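If you're wondering where the values come from, they're calculated on a predicted model, not measured in any experiment.
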Amino acid sequence: MRDEIKLTLPTSWVPNREEFLAALGVSRGGLGEQFFGTVYDALFVASIEVKGEFKKYYSVEYANLAEYLEIRYGKALSEENLEADRVFLVTWLPQVIDDTYEDNKLDTVLECIKKLEEAQNEDQI
């Protein structure tokens, strides 16, 4: 049985909880950390880092990552997304970013991750 994938998150940003919370403007030890710490955990800890999984366990069995993603998870990614350093498959979303709820903060979180990735890329230049 396949895990239901709620969100696919390709990124070259190295996940870092402190950077993530700081970029969202969340103070340590507060209610925001409880909400968005759970978001970090859902996106980067409890999720499936499928690129690493593929390299470690399935690169012999499948011709490439794209084939593995499609057969194992029913997901097709663009070439650009496949080139990201990490591809996280998120199987659950905390209510604060679940798009079935109004006023969710998914777009804010995705924009934050995009900015963190851009900042990391600028540092590498």
Short side-chain to backbone donor-acceptor contact, Ser27 and Gly30, under 3.5 Å: no
Ion pair check, Arg17 and Asp41, cut-off under 4.0 Å: yes
Atom of Thr91, atom of Lys6 and distance for their closest heavy-atom approach: O-CG, 3.5 Å
ILVMFWY cluster, Val87 and Val45 together (side-chain gap under 4.5 Å): no
Atom pair CG (Leu24) and CZ (Phe36), whose distance is rounded to the nearest 0.5 Å: 6.0 Å
Pairwise side-chain contact, Leu43 with Val109, heavy-atom cut-off 4.5 Å (strictly under): yes
Ring geometry between Phe44 and Tyr40 (parallel below 30°, tilted from 30 to 60°, perpendicular above 60°): tilted
Test log, rule side-chain contact (heavy atoms from CB on, under 4.5 Å), inputs Leu116 and Glu19: CA-CA 8 Å; Leu116 287 165; Glu19 286 180 17; 4.3 Å; yes
Rounded distance [0.5 Å steps], CG in Asp103 versus CD in Gln95: 11.0 Å
Passing candidate, side-chain contact (heavy atoms from CB on, under 4.5 Å) with Phe88, options Ile48, Thr11, Thr8, Val50: Thr11
Atom OH of Tyr62 with >12 non-hydrogen neighbours under 6.0 angstrom: yes
Option among Leu69, Leu7, Leu9 that satisfies the side-chain contact (heavy atoms from CB on, under 4.5 Å) test with Leu89: Leu69
Linked, directly or transitively: Leu110 and Val26 (ILVMFWY side chains, under 4.5 Å): yes
Pairwise side-chain contact, Pro10 with Glu80, heavy-atom cut-off 4.5 Å (strictly under): no
Note: Arg28-Glu18 ion pair, threshold 4.0 Å (strictly below): yes
Trp92 versus Glu4, side-chain donor and acceptor atoms under 3.5 Å: no
Which atom of Ser12 lies closest to which atom of Gln120, heavy atoms considered: O-NE2, 2.7 Å
Criterion side-chain contact (heavy atoms from CB on, under 4.5 Å) on Tyr101 and Val96, from CA distance to verdict: CA-CA 8 Å; Tyr101 295 94; Val96 71; over 6 Å; no
Side-chain donor or acceptor of Glu111 paired with backbone N/O of Asp107 under 3.5 Å: no
Within-4.5 Å side-chain heavy-atom neighbours: Ile5 and Lys75: yes
Nearest-0.5 Å distance that lies between atom CG in Leu77 and atom CG in Leu65: 7.0 Å
Test item: Trp13 and Asn16 side chains (from C-beta on) under 4.5 Å apart, heavy atoms: yes
Nearest-0.5 Å distance that lies between atom CG in Leu106 and atom CG in Asp98: 8.5 Å
Glu67 to Ala63 - nearest heavy-atom pair and separation: OE2-N, 3.4 Å
Cluster link Leu82 to Ile113, ILVMFWY, side chain under 4.5 Å: no
Step-by-step side-chain contact (heavy atoms from CB on, under 4.5 Å) determination, Lys51 to Arg86: CA-CA 6 Å; Lys51 205 162 184 176; Arg86 294 161 203 78; 5.7 Å; no
Mutual orientation of the aromatic rings belonging to Phe54 and Tyr68 [parallel < 30°, tilted 30-60°, perpendicular > 60°]: tilted
